[in-house]
Enquirer: 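Here's a structure for you.
Excluded from the calculations below are hydrogen atoms, water molecules and symmetry mates; all remaining heavy atoms, backbone and side chain alike, are included. Protein chains get the first letters and strands the later ones, always in sequence-line order, with residue 1 at the start of each. Small disclaimer: the values here were computed from a predicted structure and weren't measured.
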Amino acid sequence: MSRIFLLDDNTPFSLSETLSCGQVFRWHEENGWWQGVCQGRLIRIRQIGNRLEYSGCDETFLVYYFHLDADLNSILDSVNKDEYINAAIEKHRGLRIIRQDPWECLLTYICAQNANIPFIERMLSNMSEMSGEVIKTESGTAHAYPTSEKLSLVCETDVSGCSTGYRSSYICSTAYEIFSDKMWADKIYKADYESARKEIMRYKGIGRKVADCILLFGFQKYESFPVDRWVDRIMHKYYGVGDSEKPLSGGEYEKIRKFGQEYFGRYAGYAQEYLFADR
DNA sequence: GATACTCCTCCCCC
DNA sequence: AGGGGGAGGAGTA
């Protein structure tokens, strides 16, 4: 039983740009249909023009998850400061920042350190198959993300068996911290960007870059401006900040991040995603 | 506070 | 086919 959602002319949205730009890692496309796992759901969706056809969630969730309630054109206008970002916007308009579940997002980005996309996908699907609840829908069966409770109960060897490598100790330690503090996400939500960042970086396996990704994708702190190797190169090439030759030091990271935030403003994170998509 | 090294897996290239 | 090197961030000394 699938539902239909019609996008109006003022609501640009590209499902494929949004799902394949490297913010989520449990979505796959087959014959025009995307299928993915998030927050206990197995969602199946396709886009033909301004028409979304989907199953596995209700409309409220669809709009929330894909940030369809945001006025994307205004957001993009606000960050459209020069010809480089303008080119990226024209090419990828419709890319939206997904609202991820805080815990699923945090787990994802601990895995994402020192890893490329297929590797991240493998770690997450391995852990989900090991400890995630089974989700059954008419379009198939999948495993949800493991909860922090489940992951704090399994041993580090099991997590390590999911190809997570040295990240397994970070995952177990942080899963336990989060499971033991029911209010962890509320505290981060309520805090402003800088204090939320300090708070979240206390968990093992969360440094500057991972913290900025989690705040952007899991906590809707849109001024967050994560700087990975790609963004480092782009910012050096177009804006002359940083030195893309040297490995990115902590100080350099902060310089580039602050430049991005001051230059692009309160939706700097959207600018970052568009520049990244255009890499 | 800044630097160098290690941690682990995947992937590409020879 | 097997081995070496590079890519990717956080933690530690």
Enquirer: Establish, with yes or no, whether the OP1 or OP2 oxygen of B/dC10 is under 4.0 angstrom from a side-chain nitrogen or oxygen of A/Ser163.
Expert: yes

Enquirer: For the side chain of A/Ser224 and the backbone of A/Asp212, is there at least one donor-acceptor N/O pair under 3.5 Å apart?
Expert: yes

Enquirer: Between A/Glu254 and A/Arg197, does at least one N-O distance fall below 4.0 Å, as a salt bridge requires?
Expert: yes

Enquirer: Measure the distance from CD1 on A/Ile120 to P on B/dC11 and round it to the nearest whole Å.
Expert: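 For the pair A/Ile120 CD1 and B/dC11 P, the rounded distance is 12 Å.
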
Enquirer: Between A/Arg229 and A/Asp232, does at least one N-O distance fall below 4.0 Å, as a salt bridge requires?
Expert: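 So A/Arg229 pairs with A/Asp232 through a salt bridge.
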
Enquirer: Considering only NZ, NE, NH1 and NH2 on the basic side and carboxylate oxygens on the acidic side, decide whether A/Asp228 and A/Arg279 come within less than 4.0 Å.
Expert: no

Enquirer: Taking the six-membered ring of A/Phe119 (Phe, Tyr or Trp), confirm whether the NZ or CZ of A/Arg122 is under 6.0 Å from its centre and within 45° of its axis.
Expert: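 No, a cation-pi geometry is absent between A/Arg122 and A/Phe119.
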
Enquirer: A/Tyr222 vs A/Tyr270 aromatic rings, parallel, tilted or perpendicular, using cut-offs 30° and 60°?
Expert: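 Plane angle between 30° and 60°, so tilted.
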
Enquirer: CE of A/Met127 versus C1' of B/dC8: gap in Å, rounded?
Expert: 14 Å

Enquirer: When you check every protein heavy atom under 4.0 Å of nucleotides 7-13 of chain C, what one-letter string (B, S, -) results, 5' to 3'?
Expert: -BBSSS-

Enquirer: A/Asn126 CG to B/dC10 C1': how many Å, rounded?
Expert: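 Between C1' of B/dC10 and CG of A/Asn126: 13 Å.
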
